[in-house]
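Before any comments, here is the structure.
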Amino acid sequence: MAKYKRTHMCGELSLNNLGEEVSLTGWVQKSRDLGGLLFIDLRDRTGILQVVFNKDIDPQLFEIAQKVRGEYVIHVSGKIGARAENAINKRMKTGYIEVLANDLTIISKAETPPIYIEDDLNVSENLRLKYRYLDLRRPVMQNIFFVRHRVNKLIRDYFDKNGFIEVETPVLTKTTPEGARDYLVPSRVQPGKFYALPQSPQLFKQILMVSGFDKYYQIVKCFRDEDLRADRQPEFTQLDMEMSFVDADDVMNIIEGLMKDVFISIKNQDISLPLPRMTYKEAMERYGSDKPDVRFGLELKDLSDILKDSEFKVFSDALKNGGCVKAINAEGCGGKLSRKEIDALGEFVKTYRAKGLAWMNFTEEGLKSPIAKFLKEEEISSIIERMNAKTGDIIFIVADNKKVVYDSLGQLRLELARKFNLIDENKIGLLWVTEFPLLEYDEEEKRYVAMHHPFTSPMDEDIELLDTEPLNVRAKAYDIVLNGYELGGGSIRIHDSEIQQKMFNLLGFSKEEAWKKFGFLLEAFKYGTPPHGGLAIGMDRLIMLLTGTDNIRDVIAFPKTQSASCLMTDAPSIADEKQLAELKLKFEKEE
RNA sequence: GGCCCAGUAGUUCAGUUGGUUAGAAUGCCAGCCUGUCACGCUGGAGGUCGACGGUUCGAGCCCGUUCUGGGUCGCCA
């Protein structure tokens, strides 16, 4: 029999296998040479099992065992024995048994690895990414990818069961305006022309609806050439889906059912359906975010009416200029914050362009606040009443335009929750945010841009506002939010050509431009288009949240660094002259 | 593009006010050791202090530039 055949996996063996002859393969986690007795901890993807070599029983075999080093790949045969009472290791799943070796083959030697293969690894991410294959040997990492596999499988089973079919869409496709920066791929056959990698299969899935597939889904790679973040990679995976003859509720129902299955299967946690829904307006007003973390309080409260005539110019001026004054009450945190820490929070909100952070600390000795002297008695008492402030509380106030107030207080809310451990990690903060604005105004481009995408349908009751107050038009768009992360989003699409034309007008595209950019879709729409809508879920973020990591790189087998390079392969790299010549590409010299 | 943090044995770190030969733990190598599982004991090897330049009699340490990694703002329909 070949020396790499095995009969069992390490982690699957137990007292039930006592006395059995087994063959095992794997990597050497650790060896302990006691002189006449030698132990090898053998690791495969299922776990670790101890193998024993005894010099008295087989001196030749013992000599081979002494040559074994960490991460060698070996093949071992032997009999499963029970450990003596005093040799049992209760911290190991296989700690009651061991293999009494009668054969050992070194299949492959290994150099001393630059990182240890263990779960509580303390090593720079630099090294983990360069030696990713070693990093991926660690059981915690293997577990992440098993979870990821199980979720993928569950998704395919779920959509199959519900009558969806998976259709693949092109990776080499057409560049589209709007949205993120595209990754471009030069065409050799047609020099000077470029494909773009898809930011999402959006237009293709709509066309599949025109084709009559009715219910489509796909687990698909998407590409966006934007700066990276802890939860953003340039290539990432979406669960993309689209349905015909549906409204928003139908799409949400399907996704809710999926999320329920996922949480039961992966986390053994049930979630009650339907999921809570919150309008965009409410999310912004209460949490200062369109992806609120609803697992804790510290909600924003409006103080604008109380302070509109305030002698404190910071407040009254902000209100005169159409802004607002909002506050959060960090209940019981007043005494826990030093003056230095409060000032640090002031610096923190400046990141989000707040000019300052006003505060009122309700201490045992009374109110301490640098702004109290600018406020009237009745203003202070109204604030106390509105904020429900008690001794021990501290109120933080920001006055500015709405965006700055929402951003800074929304982020301050999260910062305080982190600082004071206010988040119950067992809670599942899963909800829908609905009724997003259809458009926002882009100050740089001096025009409206679609908040979701140009094919998102306005809400029926707001259609008249398209002509008069476009910024107040709400869309049939919905995001699914989990623990403060935007997990996914979607919309019902426009299938009425008149409304579509109106939308293009608002976005500042002439008919010609629209046809140049999206002509293939508009052409398709001419031949019988069912009403349709769908959604896409960020798979990497979902797995991240399911496995409890806060870093998207941990759930991608071969991720990129912040400068979008792969430390293992050293991509991207310089193309050679011949390749460039074939593509008829030349580079300008950097000045 | 902006701001912040980090970079010293294979690894994780310490390194005083700028001063002789840059340390510890762990890992690695060798020897000893028959119930270990963080095995133990003894000994040994191992350094471009990220790179470049400057200040200085003298730089791991001070200054400047730069590279790499991370976080973040802008950006991400």
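Reminder, nothing fancy here: chain letters follow the sequence lines and each chain counts from 1.
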Does A/R229 make a side-chain donor-acceptor contact with the base of B/G74, cut-off 3.5 Å? yes

Using salt bridge (charged side-chain N to carboxylate O under 4.0 Å, His left out) as the criterion, list what pairs up with A/K355, not counting sequence neighbours. A/D400

Contact list please: residues 402-410 of chain A against RNA chain B, heavy atoms, distance less than 4.0 Å, in numerical order. none

Return a single string for nucleotides 35-42 of chain B, one symbol per nucleotide in 5' to 3' order, where B is base contact, S is sugar-phosphate-only contact and - is none, cutoff 4.0 angstrom on heavy atoms. BBBSB---

Residues two or more places apart in sequence or in another chain: which of them pass side-chain hydrogen bond (donor to acceptor under 3.5 Å, both in side chains) with A/K502? A/D467

Please tabulate, one pair per line, each protein N/O and nucleotide N/O from nucleotides 10-12 of chain B that are separated by under 3.5 Å, including the distance.
from  : atom 1 : to     : atom 2 : distance (Å)
B/G10 : N2     : A/Y116 : OH     : 2.5
B/U12 : OP1    : A/S124 : N      : 2.8
B/U12 : O2'    : A/N122 : ND2    : 3.2

Looking across every strand, which nucleic acid part, if any, lies under 4.0 Å from A/R553 by heavy atom: base, sugar-phosphate, or nothing? sugar-phosphate

How is A/S565 classified with respect to the nucleic acid when contacts are heavy atoms under 4.0 Å: base, sugar-phosphate, or nothing? sugar-phosphate

Identify, with sequence neighbours excluded, every residue that meets side-chain hydrogen bond (donor to acceptor under 3.5 Å, both in side chains) alongside A/K419. A/E341

Considering every strand and a 4.0 Å limit on heavy-atom distances, what is the contact class for A/S563: base, sugar-phosphate, or nothing? sugar-phosphate

A/D231: side-chain contact (heavy atoms from CB on, under 4.5 Å) partners, not counting sequence neighbours: A/R229, A/Y485, A/R541, A/M544

Under 3.5 Å, which protein N or O atoms sit close to an N or O of nucleotides 44-50 of chain B? Give each pair with its distance.
none

Please list each protein N or O that sits under 3.5 Å from an N or O in nucleotides 3-8 of chain B, with the distance.
none

Pairs of donor and acceptor atoms involving the side chains of residues 556-564 of chain A, under 3.5 Å and at least two apart or interchain, shall be tabulated with distances.
from   : atom 1 : to     : atom 2 : distance (Å)
A/K560 : NZ     : A/E235 : OE2    : 3.2
A/T561 : OG1    : A/S563 : N      : 3.4
A/T561 : OG1    : A/S563 : OG     : 3.3
A/T561 : OG1    : A/S565 : N      : 3.4
A/T561 : OG1    : A/S565 : O      : 3.4
A/T561 : OG1    : A/S565 : OG     : 3.2

Residues in side-chain contact (heavy atoms from CB on, under 4.5 Å) contact with A/D407, at least two apart in sequence or another chain: A/Y352, A/R353, A/K403

Who are the side-chain contact (heavy atoms from CB on, under 4.5 Å) partners of A/T94, not counting sequence neighbours? A/L49, A/M92, A/I97

Base, sugar-phosphate, or nothing for A/R181, non-hydrogen atoms under 4.0 angstrom? nothing

